[in-house]
Number of protein chains: 2
Amino acid sequence: MSKQVLPIVDADAACCAPLACEPLSESEAAELAPLFKAIADPVRLRLLSLIACHEGGETCVCDLTAAFDLTPPTISHHLKVLKQAGLIDSERRGTWVYYWINPAVLARMSALIGPASPALAGTG
Amino acid sequence: MSKQVLPIVDADAACCAPLACEPLSESEAAELAPLFKAIADPVRLRLLSLIACHEGGETCVCDLTAAFDLTPPTISHHLKVLKQAGLIDSERRGTWVYYWINPAVLARMSALIGPASPALAGTG
DNA sequence: CTTCTAATTTGACACAGGTCTAGGCAAGGG
DNA sequence: CCCTTGCCTAGACCTGTGTCAAATTAGAAG
């Protein structure tokens, strides 16, 4: 059942190591790429956005499915991808399943590509 | 020959509209997803990193090729993907071709997923 | 002009990934 | 108990993509 994969990159270690400080190692790149791949899809990007701005911070799958011209299995597939990447988490309450954002992983990704270094800020 | 595609999203309009302010529209998601797809690959992530932290802010292709166990055509392919997404730009000087980062697009992407809103900061 | 090196383009291949239909499992109501 | 609703899984299909070998273009040097 819960085939939940732990977030590949722990966000605590992401204080100040953006893309341009020093070259990414092969293994670092291999860990980070799947995170970006998870959001590199229009449907998943919108799903993430819908969940993130929903009041209460969590959203029922039924609300998400209704926002797309896609079948429920397809939405379920995309939610699974996001969850396995560690970007969202979920819980069943009665008949419905609710999803919410894991902000730490998003923040880690943002910091990596963010303009936090001379090279990326264009002064290099 | 320069089939350079202009950056899909103009970074100037990216002051304060992260993922969680309001749901992404279908067209916004369709424009943004290719940007993340461009960096959703270990090789391209490392390429971007190598270019970003290279002294002078630009890197010769020969230096990039030497950093991977991949053939030159493959590196060239990945550079093309990054360039068409607007993340990097290039220029030929004599025998060699140099690449550099376009920091505005990276910054735009970072801001989108960054912890700039209550919902993503975990207070929602 | 010829030759050498640097980088890209082309074509082919195998694998990954998005979508659907069909089927299965859980929870609630007769 | 059976039936309905909500969600997920399994399998199939087709497209997209990463990789390489071979061929091509661009510039520099003899």
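Every chain is numbered from 1 and lettered A, B, ... according to where its sequence line falls, protein lines coming before strand lines.
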Over how many whole Å does the gap from L79(B) atom CG to dA6(C) atom P extend? 16 Å
Within this structure, what is the NE2-to-P distance between H78(A) and dC7(D), rounded to whole angstrom? 16 Å
Could you tell me if the side chain of L106(B) sits less than 4.5 Å from the side chain of L48(B), heavy atoms only? yes
Which atoms form the tightest heavy-atom contact between A29(A) and L45(B), and what is the distance? O-CD2, 4.1 Å
Distance to the ring centre below 6.0 angstrom and angle to the axis at most 45 degrees; does that hold for R92(A) and Y98(A)? no
Find out whether K83(B) and I88(B) are in side-chain contact, i.e. whether some heavy atom of one side chain is under 4.5 Å from a heavy atom of the other. yes
Do R44(B) and I39(B) have side-chain heavy atoms sitting under 4.5 Å apart? no
Determine: side-chain N/O of Y99(A) to OP1/OP2 of dC8(D), distance under 4.0 Å, yes or no. yes
Identify, residue by residue, the members of residues 69-77 of chain A with a heavy atom below 4.0 Å from DNA chain C, and return them in order of residue number, or none. L70(A), T71(A), P73(A), T74(A), H77(A)
Measure from NZ or CZ of R46(A) to the centre of the six-membered ring of F68(A), then state whether that distance is under 6.0 Å and the direction lies within 45° of the axis. yes
Of the non-hydrogen atoms in S49(A) and P23(B), which two are nearest, and what is the gap between them? OG-CA, 3.0 Å
With the side chain counted from C-beta on, respond yes when T59(A) and Y99(A) share a heavy-atom pair under 4.5 Å apart, and no when they do not. no
May I ask you to test the R93(B)-E91(B) pair for a side-chain heavy-atom distance under 4.5 Å? yes
I want to confirm an ordering. Mapping R44(B) and W96(A) to their closest nucleotides on DNA chain D, which one lands closer to the 5' end? W96(A)
How many Å lie between CG on D63(B) and C1' on dA7(C), as a whole number? 14 Å
For F68(A), answer base if it contacts any base atom (sugar-phosphate contacts may also be present), sugar-phosphate if it contacts only those atoms, and nothing otherwise; contact means non-hydrogen atoms under 4.0 Å. nothing
Provide, to the nearest angstrom, the distance between the CG atom belonging to L64(A) and the P atom belonging to dG6(D). 14 Å
When rounded to the nearest 0.5 angstrom, what is the spacing between CZ in R108(A) and CG in L35(A)? 8.5 Å
Rounding to a whole Å, what distance do you find between R46(A):CZ and dG18(C):P? 16 Å
In whole angstroms, how far is the C1' atom of dT9(D) from the NZ atom of K83(A)? 14 Å
Which of residues 36-43 of chain B sit near DNA chain C, with a heavy atom under 4.0 Å from it? none
Base versus backbone protein contacts along nucleotides 25-30 of chain D [heavy-atom cut-off under 4.0 Å; B, S, -]: -BSS--
Roughly how many Å is it from CD in E91(B) to P in dA7(C), rounded to a whole number? 14 Å
Could you check if a side-chain atom of V81(B) sits within less than 4.5 angstrom of a side-chain atom of K37(B), using non-hydrogen atoms only? no
